[in-house]
There are 2 protein chains.
Amino acid sequence: MKRDLSTEEKIKAAAKKVFMNKGFDGCSVRDIAKEVGSNVALLNYYFRSKEKLFELIFEGAMSDFLQSMIEVFSSELSLKEKTTLLIEKEFDFFMEHPELPMFILQAIHQNKGEHPMPSHFFEPISKTGIFQQLEAAQANGEMRHISLRNVTILLMSNVHYPFMSKKLTQQFHGIDETTLQQDLLAHKSYVKEMLINYLFPQNPKQ
Amino acid sequence: MKRDLSTEEKIKAAAKKVFMNKGFDGCSVRDIAKEVGSNVALLNYYFRSKEKLFELIFEGAMSDFLQSMIEVFSSELSLKEKTTLLIEKEFDFFMEHPELPMFILQAIHQNKGEHPMPSHFFEPISKTGIFQQLEAAQANGEMRHISLRNVTILLMSNVHYPFMSKKLTQQFHGIDETTLQQDLLAHKSYVKEMLINYLFPQNPKQ
DNA sequence: TAAAAAATTAAACACTTGTTTAAATTTTGG
DNA sequence: CCAAAATTTAAACAAGTGTTTAATTTTTTA
């Protein structure tokens, strides 16, 4: 009765790897089976279908994707400190998992897998009280008056995109992985300085 | 002997639409044929294969993608003015073609289509003399000392990403297309102010 | 207008797709 | 140890894939 989970986990790991590299449409279940080193039917034995397997991988990825956000927002820091820490943490995380932003955005863009989204992912973040803190900081004069949504766009743009565009950047400038890695580290500190200066100006406007 | 180009163009238009929406792997040639309202064999009659057709679409998209850059760089303006103008133009362009950034980055990410890239796209930009202008502006003290590559990453992040993440943003915040459109317009002016302030500071560092 | 060329089609090709079936193997529990 | 359950496999399934062929229709041109 007791089932050995190692096979199930091996399939998930293989599926994650293949899905990340080729996308849902870009791979077949046989590609994944080959990566596992087993039969195709085994995938449907553990997970009911290719789609269900993908949804599982997607949810895990999404969870990782939002992890730093919740961690940082839950801490007892000023908004300025939280912003710095968030950029720091997200950057370090995506340095280790550079494929994640593209995977997430592509899946959502093409509506692969069921995305509960609205409340399912929004609520945990809302519960950290970050929104109230933002309003308070803006009322304070500590922070520039920008909507939460626009702050989000600014942050995500500067943190996610550089990893999504890795290949484009490499091909465009004709540089190798190591050089790009250095550029990304430089980008991190630029973004920290630029965003902090902009969002928390010395002489706040309005 | 004179061939009517309208069919060929109709196929290209349909292919562009379908490829943009579903990606190379996400669609079949029959999907495209259905969009055209014709037979599958016709696609291979005009273009030799699905892949060749995709490469054509990709190259056109890439050309559009870099168009504003070359236009602005070729003008007779200061670097600061060029930066403002570039953000302005790219934004307006992507407002009209929001799917483009995701299409390009996804194609490159998954190595769909042959990407000549290195010189083929880099050279025309290099020929505008923008690199010399950048070095001069930095020697001047007019501009912050940031490598060309990092300037590129900063600009692209803030201009491309917001369009790539449209669906994510909408689902995340639970907003409709019109509201997002307004956010994007706001983002444009934020980015202009933020980037200009950062790249061309009043009291330049170093 | 009639022969030649071009455009369009339906049908078939060989192959891959995700999934299912049923048999074989391994593991488990009494 | 041995039946029962769980796991793994090979094989087959129907449907979909990109591409090609050959026939048909339309257009061109002389």
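Naming convention: chains lettered A, B, ... in sequence-line order (proteins, then strands); numbering from 1 in each chain.
- Within the 4.5 Å cutoff, no side-chain heavy atoms of V72(A) are placed close to those of E88(A).
- Within the 4.5 Å cutoff, no side-chain heavy atoms of L43(A) are placed close to those of K50(A).
- Rounding to whole angstrom units, CZ of residue R48(B) and P of dT19(D) are separated by 10 Å.
- In this entry the distance linking NZ of K34(B) with P of dT9(C) reads 15 Å, nearest Å.
- Side chains of H160(B) and S165(A) form no contact here, defined as non-hydrogen atoms less than 4.5 Å apart.
- For the helix from dT1(C)-dA30(D) to dG30(C)-dC1(D), the axis fitted to the five pairs at one end and the axis fitted to the five pairs at the other end meet at an angle of 10° (nearest 10 degrees).
- Out of dT8(D), dG18(C), dG18(D), the shortest distance to the side chain of V29(A) is found at dG18(C).
- D183(A) is linked by a salt bridge (charged side-chain N to carboxylate O under 4.0 Å, His left out) to R149(B), counting only residues two or more places apart in sequence or in another chain.
- The side chain of N44(A) has dT19(C) as its nearest neighbour among dT8(C), dT19(D), dT19(C).
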Counting only pairs under 3.5 Å, give me each side-chain donor-acceptor contact of residues 89-99 of chain A, with atom names and distances, residues two or more places apart or in other chains.
from: K89(A); atom 1: NZ; to: E71(A); atom 2: OE1; distance (Å): 2.4
from: D92(A); atom 1: OD1; to: K188(A); atom 2: NZ; distance (Å): 2.9
from: H97(A); atom 1: ND1; to: F93(A); atom 2: O; distance (Å): 3.2

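- Under the 6.0 Å distance and 45° angle rule, K82(B) does not count as a cation-pi partner of F73(B).
- The nearest whole Å value for the distance from the CG atom in D31(A) to the C1' atom in dT17(C) is 11 Å.
- Rounded to an integer number of Å, the gap from CG of L42(B) to P of dA7(C) is 9 Å.
- Among K16(A), R30(A), K22(A), K17(A), the single residue meeting the salt bridge (charged side-chain N to carboxylate O under 4.0 Å, His left out) criterion with E35(A) is K17(A).
- In this view, K34(A) satisfies the salt bridge (charged side-chain N to carboxylate O under 4.0 Å, His left out) rule with no residue, not counting sequence neighbours.
- When distances are taken from the side chain of S38(A) to each of dT8(C), dG18(C), dT9(D), the shortest belongs to dT9(D).
- In this structure, I11(B) places its CD1 atom 13 Å from C1' of dT9(C), rounding to the nearest Å.
- For the OP1/OP2 pair of dT8(D) and a distance below 4.0 Å, the side-chain nitrogens and oxygens of Y46(A) include at least one atom meeting the criterion.
- Distance F47(B) CZ to dG18(D) P: 16 Å, rounded to the nearest Å.
- When rounded to the nearest whole Å, the span between NZ of K52(A) and P of dT20(C) equals 11 Å.
- Atom pair L43(A):CG and dT17(C):P shows a separation of 13 Å (rounding to whole Å applied).
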Grab the N/O contacts between the protein and nucleotides 10-16 of chain C below 3.5 Å, and write none if there aren't any.
from: dA10(C); atom 1: N7; to: N39(B); atom 2: ND2; distance (Å): 3.1

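- With sequence neighbours left out, the side-chain hydrogen bond (donor to acceptor under 3.5 Å, both in side chains) criterion links E177(A) to K166(A), Q170(A).
- Using a 4.0 Å cut-off, no side-chain N or O of T7(A) falls inside it from OP1 or OP2 of dT7(D).
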